[in-house]
Amino acid sequence: MTSSSASSDLHDLGVAQLAAKLAAREVSSVEVTQHFLARIQQEKLGAFLATNADVSLAQAKAADARLAAGERTPLLGVPLAHKDVFVTRDFPTTAGSKMLENYRSPFDATVVGKLGSGSDGQQGAGMVTLGKLNCDEFAMGSGNDNSAYKPVKNPWDLERIPGGSSGGSAAAVAARLVPAATGTDTGGSIRQPASLTGITGIKPTYGRCSRYGMVAFASSLDQAGPMARSALDCALLLSGMVGPDPDRDSTSLDLPATDYATDLIAASAQSAGAKPLKGLRIGLPTQFFGAGCAPDVLAAVRGALAEYEKLGATLVDVSLPLTELSIPVYYVIAPAEASSNLSRFDGVRYGHRAASYTDLNDMYKKSRSEGFGDEATRRIMIGTYVLSHGYYDAYYLKAQKIRRLIAQDFQTAFTQCDIIAGPVSPTVAWKIGEKSDDPVANYLADIYTLSSSLAGLPGMSVPAGFGAGGMPVGLQLIGNYFKEAQLLGAAHQFQLATDWHLCQPPAFE
Ligand code: GLN
């Protein structure tokens with residue numbers, strides 16, 4: 001690659017396009033990696049917590065060797081970066097917390113291995129890791145302002161949050177510092193930052209990706225998923241991430257890996273024509289379109305739905321009557337599980353240890369007080385409270401019962417429709433600091449993502465236009481269990497007909 005204009009275009013290419021160029025050997029993985037690393041070096045968004053050029057270039061060289069030997073697998077040599085809750089052998093892993101400052105895992109998370117050099121004795125997809133991405137501490141938050149290291153700025157407006165908790169992943173993809181990133185979604189952390197930064201992201205059905213090596217927040221909800229610019233790119237990534245991991249995550253589903261991208265391309269070729277989505281019934285929950293949603297967001301979402309009608313889909317009204325309860329239910333269950341998961345950070349086995357202490361109890365107390373930030377501490381306290389004797393039945397058990405009813409409501413809705421659609425977030429991205437001192441204001445903003453998380457359903461965010469302040473708005477698509485391919489297909493058809501996903505923040509062209 002000699003022409004600088006050609007190489008400066010590399011960051012405009014998505015995963016599928018980069019993969020094609022690499023496979024045609026028009027560019028090497030080392031060249032692509034160097035290009036993105038140079039861009040990352042200049043970033044002022046706070047998106048990255050760690051990079052290591054030597055490690056990335058060594059991975060790129062290994063990918064180039066596989067390409068030179070004639071291997072042609074879809075992701076080989078394409079770079080990405082991981083949310084810093086996935087443990088990595090070659091980079092530090094902090095989970096956005098001081099508790100894990102400088103922590104180095106002895107192994108790679110299953111998802112990291114599958115996308116990278118390999119996992120469980122199987123060769124990996126051969127993607128190159130560019131570094132680790134900033135996030136809210138232990139993935140707790142909606143604005144990335146709970147990171148112990150630095151906030152992340154939204155590339156569309158540097159004074160605004162990029163969403164959370166996968167805010168670094170979203171900002172890095174939106175600013176074209178990486179072609180794709182991993183994220184995790186416990187109650188919306190892939191979909192909401194994707195929506196607020198104008199990118200595409202999918203949270204698969206609970207259990208579809210192994211959680212092994214993901215720093216645990218709320219184990220019955222946590223799921224990994226890809227964030228990229230298009231549904232096609234997400235399909236490519238997701239194909240490399242899913243699959244059972246029976247020895248290491250007993251909640252990973254015993255379903256074979258699926259080639260979502262090939263399925264998606266085949267389906268769209270078959271359905272080519274004026275109405276490719278003919279027969280698709282899209283359910284609109286009345287509770288998602290009420291007064292709680294800002295008018296600018298609703299206007300963009302309705303515009304996207306009108307486009308879906310043009311593509312042949314029909315819109316039907318459905319009801320998810322317990323939507324409001326998803327907030328209290330989630331904010332009982334998630335902290336309960338978090339309080340248990342975070343008990344391992346005691347300053348003994350790993351994690352921050354206070355410099356001086358009088359006895360063992362004092363050591364626990366000081367280490368945990370120093371290591372955890374305000375939000376993690378708040379959740380440990382709430383979780384411990386709702387699990388304690390006398391309150392367990394009143395809060396935790398009741399929340400579990402309502403969780404089941406919420407899941408049932410979705411099944412009722414799915415008798416009337418194939419996909420459920422609505423907003424992802426009730427507003428566009430807010431100003432950094434605006435909700436920092438108000439945890440409840442953050443919790444309320446999760447209203448449209450929590451219920452499907454509690455039900456374990458797949459969901460995605462698709463760029464659908466712009467709202468107040470010229471900020472991006474995402475359309476949420478929720479599918480029934482294991483219907484990732486259907487969601488990706490519906491998003492892909494929309495992206496063939498619209499170009500919201502191609503818009504980019506002016507300062508990062
Ligand atoms: N915003 C939600 C929370 O703070 C969801 C976070 C997530 O999905 N990791 O818990």
Side-chain angles (χ1 to χ4, degrees), residues 82-86 95-97 133-148 151-152 161-170 181-196 201-204 206 209 211 214-227 326-339 341-342 372-383 386 399 403 423-427 429-430 435-436 438-461 474 476 478:
H82 292 292
K83 183 178 183 180
D84 207 20
V85 298
F86 291 94
S97 180
L133 294 161
N134 202 349
C135 56
D136 282 306
E137 182 173 13
F138 292 109
M140 296 169 180
S142 306
N144 219 121
D145 37 4
N146 293 335
S147 164
V152 180
I161 54 110
S165 63
S166 312
S169 306
T182 53
T184 63
D185 193 311
T186 302
S189 282
I190 288 175
R191 291 161 286 163
Q192 185 256 22
S195 171
L196 302 189
I202 179 163
K203 170 201 112 74
Y206 177 79
C209 294
R211 290 184 294 106
M214 262 166 60
V215 177
F217 162 16
S219 309
S220 76
L221 295 152
D222 298 343
Q223 253 306 281
M227 303 170 79
S326 64
I327 297 176
V329 167
Y330 173 89
Y331 281 100
V332 166
I333 292 173
E337 296 185 19
S339 70
N341 277 325
L342 298 184
F372 288 127
D374 287 350
E375 187 60 26
T377 305
R378 185 176 297 117
R379 298 202 191 193
I380 292 168
M381 291 172 71
I382 294 172
V386 300
R403 180 181 191 175
V424 176
S425 165
T427 64
W430 51 91
K435 297 188 187 177
S436 297
D438 188 352
V440 175
N442 277 281
Y443 303 167
L444 292 175
D446 294 336
I447 176 81
Y448 303 129
T449 52
L450 296 179
S451 52
S452 51
S453 289
L454 288 163
L457 294 165
M460 70 185 294
S461 178
Q476 184 171 205
I478 299 168

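Residues take their numbers from the sequence shown, with the count starting at 1. In this text the structure is predicted, and so the values were computed from the model without any measurement. Only heavy atoms go into these numbers, but all of them, side chains included; no hydrogens, no water, no symmetry mates. As the structure lists them, so they are numbered: ligands from 1, and atoms in each ligand from 1.
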Among all protein heavy atoms, pick the one closest to atom 3 (C) of ligand 1 and tell me residue, atom and distance.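 The answer is Tyr331 OH, 3.2 Å.
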Considering only heavy atoms, does Asp446 approach ligand 1 within less than 4.0 Å through its side chain, its backbone, both, or neither?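 It is the side chain that gets close, since no backbone atom is under 4.0 Å.
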How does Lys203 reach ligand 1, if at all, at less than 4.0 Å between non-hydrogen atoms: by side chain, backbone, both, or neither?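 No part of Lys203 is near ligand 1 at this cut-off.
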Need the ligand 1 atom indices (1-based, order shown) with element for anything under 4.0 Å from a heavy-atom of [X].
{"X": "Tyr330", "value": "2 (C), 3 (C), 5 (C), 6 (C), 10 (O)"}
{"X": "Met140", "value": "4 (O)"}
{"X": "Gly187", "value": "5 (C), 7 (C), 8 (O)"}
{"X": "Phe217", "value": "9 (N), 10 (O)"}
{"X": "Ala139", "value": "6 (C), 7 (C), 9 (N)"}
{"X": "Ser165", "value": "9 (N)"}

If you take the nearest heavy atom of each of Gly141, Gly188, Ser189, which one is closest to atom 9 (N) of ligand 1?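 Nearest heavy atom to atom 9 (N) of ligand 1 lies in Ser189.
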Does [Y] offer a backbone N or O that forms a donor-acceptor pair with the side chain of [X] under 3.5 Å?
{"X": "Thr449", "Y": "Gly187", "answer": "yes"}
{"X": "Arg191", "Y": "Ser461", "answer": "no"}
{"X": "Ser169", "Y": "Thr182", "answer": "yes"}
{"X": "Gln192", "Y": "Asp446", "answer": "no"}
{"X": "Lys435", "Y": "Val440", "answer": "no"}
{"X": "Glu337", "Y": "Ser219", "answer": "yes"}
{"X": "Ser195", "Y": "Gly474", "answer": "yes"}
{"X": "Asn144", "Y": "Gly168", "answer": "yes"}

Any Lys83 heavy atom less than 4.0 Å from ligand 1: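 In this structure, Lys83 fails to qualify as a contact of ligand 1 - no heavy atom is under 4.0 Å.
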Do ligand 1 and Thr184 have nitrogen or oxygen atoms that lie under 3.5 Å from each other?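 The answer is no, given that Thr184 and ligand 1 share no N or O pair closer than 3.5 Å.
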Judging by distance only, is a nitrogen or oxygen of Asp185 under 3.5 angstrom from one on ligand 1?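 So ligand 1 has no N or O lying under 3.5 Å from an N or O of Asp185.
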Mind telling me whether Phe217 and Tyr330 have parallel, tilted or perpendicular rings, with 30° and 60° as the class edges?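 Aromatic pair Tyr330/Phe217 classed perpendicular.
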